[in-house]
Q: 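One structure, as structure tokens, below. Some questions next.
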Amino acid sequence: MKIAQIAPLAESVPPKLYGGTERVVAWLVDALVEHGQDVTLFASGDSRTRATLFPVWPKALRLGRPRSDPNAALAAQLEAVSDCANQFDVIHAHIDWLHLPILKRAGVPFITTMHGRLDLPGLPAVTSKFPEAWLVSISDNQRIPLASANWCGTVYHGLPIDQFRASFATGSYLAFLGRLTAEKGPEDAIRIALAAKMPLRVAAKIPRAESGYFREKIEPRIDGKQIQLVGEVDDDSKQPFLAGAAALLFPIRWPEPFGLVMIEAMACGTPVIAYQSGSVPEIIEDGVTGFIVQNEDEAIEAVTRLGQIDRGRVRARFEERFTAERMARDYLRHYRALVAR
């Protein structure tokens with residue numbers, strides 16, 4: 001099949017540092033090429049891919065200098081896709097809603113993966129305008145606020161089976177990896193680590209809009225000893241960071257659509273201690289790949305039970321459920337059904 005993939009322009013594909021959606025797109029595209037598909041990726045010019053790259057903007061927007069107007073970059077991307085849409089059997093978009101008016105009129109089958117939260121005001125009105133657009137969720141929980149939308153299925157994220165090496169040794173610290181925002185639970189992670197008398201290493205992006213939150217709530221707790229701030233990590237440093245941890249703490253306070261870091265930890269053999277919210281019960285198997293807890297007290301108690309988790313089994317469940325090869329097969333099934341329809 002000739003398949004077009006439309007990636008966000010905030011980060012390169014794959015991203016150099018933080019960037020969940022762009023990382024998933026990179027893994028999907030390469031896995032589709034492995035399956036023998038003819039794939040064109042519409043992304044920033046600093047992307048690296050096994051597919052044919054259509055560079056719609058010179059550099060990714062977040063790290064690019066001088067800063068570009070994101071609306072101008074998006075307009076260039078949508079024009080590029082529109083110009084050659086009829087060259088493809090199917091178009092797969094990962095940019096939320098912005099492409100829908102154009103692709104609706106292009107006459108080419110298209111499918112959209114929703115990567116963000118869907119409990120925002122106004123979204124039901126948007127989906128009602130495009131009742132025929134095929135949508136894919138990244139967890140069943142994600143689609144609950146828009147249950148009446150035209151969902152064709154759920155496809156869980158997957159990463160290359162050899163992306164991370166597993167460690168089966170007991171880790172020496174707790175890990176937190178993600179954005180330093182209140183909804184991700186970094187304050188909870190700090191309190192859990194202190195109460196459990198375990199070191200905590202925080203590898204995190206500090207969003208510009210959250211700099212005040214970081215200075216007020218997080219920075220005063222970082223002592224460089226028990227609580228250490230590692231900063232953003234790239235793919236090379238992420239592997240030893242996660243593999244060396246006794247557990248990944250995932251104390252989220254929002255309906256997480258997927259939570260890529262959970263399967264990255266599982267790929268390293270590292271169990272996850274997560275609050276029961278959003279996609280967590282679909283990703284983590286309680287007592288097998290980690291522990292699902294309700295609050296800080298239960299999380300602290302779960303730390304004491306980490307010895308019950310077989311890290312080899314954690315890695316095995318990753319290989320069974322969350323590889324890029326499986327993700328590609330799932331999407332190919334949806335592409336073929338869409339084209340046949």
Side-chain angles (χ1 to χ4, degrees), residues 5-15 17-29 42-44 60-62 70-71 73-74 77-78 91-103 110-130 133-159 177-185 204-205 207-210 250 252-264 274-275 277-283 322 327 330-331 334:
Q5 297 282 340
I6 311 175
L9 297 176
E11 308 287 345
S12 61
V13 177
L17 294 171
Y18 186 86
T21 300
E22 294 86 353
R23 185 165 278 109
V24 171
V25 172
W27 294 332
L28 172 61
V29 167
F42 292 82
S44 63
L61 301 177
R62 184 172 77 91
N71 291 324
L74 179 62
Q77 183 179 46
L78 293 177
I91 298 174
H92 186 176
H94 303 267
I95 56 173
D96 295 328
W97 312 96
L98 298 171
H99 58 286
L100 293 179
I102 292 175
L103 294 188
F110 73 96
I111 194 168
T112 303
T113 295
M114 292 299 167
H115 289 268
R117 65 189 302 170
L118 302 178
D119 58 342
L120 304 176
L123 293 189
V126 174
T127 55
S128 69
K129 301 290 185 183
F130 305 96
W134 278 33
L135 307 179
V136 173
S137 54
I138 56 177
S139 66
D140 292 341
N141 182 272
Q142 180 198 27
R143 65 170 72 175
I144 290 174
L146 295 178
S148 61
N150 190 26
W151 299 107
C152 65
T154 290
V155 177
Y156 295 133
H157 291 334
L159 56 92
L177 175 61
R179 288 180 290 113
L180 286 181
T181 62
E183 64 187 13
K184 293 286 189 178
K205 168 186 176 181
R208 182 176 302 179
E210 301 290 340
F250 197 68
I252 55 170
R253 295 185 174 276
W254 74 300
E256 175 73 64
F258 186 82
L260 189 61
V261 67
M262 288 190 286
I263 67 170
E264 291 176 327
Y275 286 178
S277 185
S279 66
V280 166
E282 297 175 56
I283 311 304
F322 297 115
M327 175 173 62
D330 288 352
Y331 275 119
H334 289 302

Q: Find the distance between NE2 (H334) and OG1 (T113) and round it off to the nearest 0.5 Å.
A: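 Rounded to the nearest 0.5 Å, the NE2-OG1 separation comes out at 8.5 Å.
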Q: Distance from I95 atom CD1 to M114 atom CE, nearest 0.5 Å?
A: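 It is 10.0 Å, given to the nearest 0.5 Å.
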Q: List the atom of S279, the atom of P257, and the distance in Å for their closest heavy-atom pair.
A: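 S279 and P257 have their closest heavy atoms at CB-O, 3.4 Å.
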Q: Report yes or no: does W151 contribute a side-chain atom to a donor-acceptor pair with the main-chain N or O of L146 at less than 3.5 Å?
A: yes
Q: With side chains defined as the heavy atoms from C-beta onward, is the minimum distance between L103 and I6 less than 4.5 Å?
A: yes
Q: Tell me the closest heavy-atom pair linking L135 and A149, and the distance in Å.
A: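 Closest approach of L135 to A149, heavy atoms only: CD1-CB, 3.8 Å.
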Q: Give the minimum heavy-atom separation between R117 and L123, together with the two atoms involved.
A: O-CD1, 4.2 Å
Q: Distance check, rounded to the nearest 0.5 Å: L74 atom CG versus H99 atom NE2?
A: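 Atom-to-atom, L74:CG and H99:NE2 are 10.5 Å apart.
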Q: Would you mind reporting whether E264 and V261 have side-chain heavy atoms less than 4.5 Å apart?
A: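 Yes, their side chains come closer than 4.5 Å.
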Q: So do the side chains of R179 and E210 get within less than 4.5 Å of each other, counting heavy atoms only?
A: no
Q: Please find the pair of heavy atoms, one from A60 and one from S12, that lie closest to each other, and give the distance.
A: CB-N, 3.2 Å
Q: Taking all atoms of both residues into account, what is the closest heavy-atom pair of E22 and P8, and its distance?
A: OE2-CB, 3.4 Å
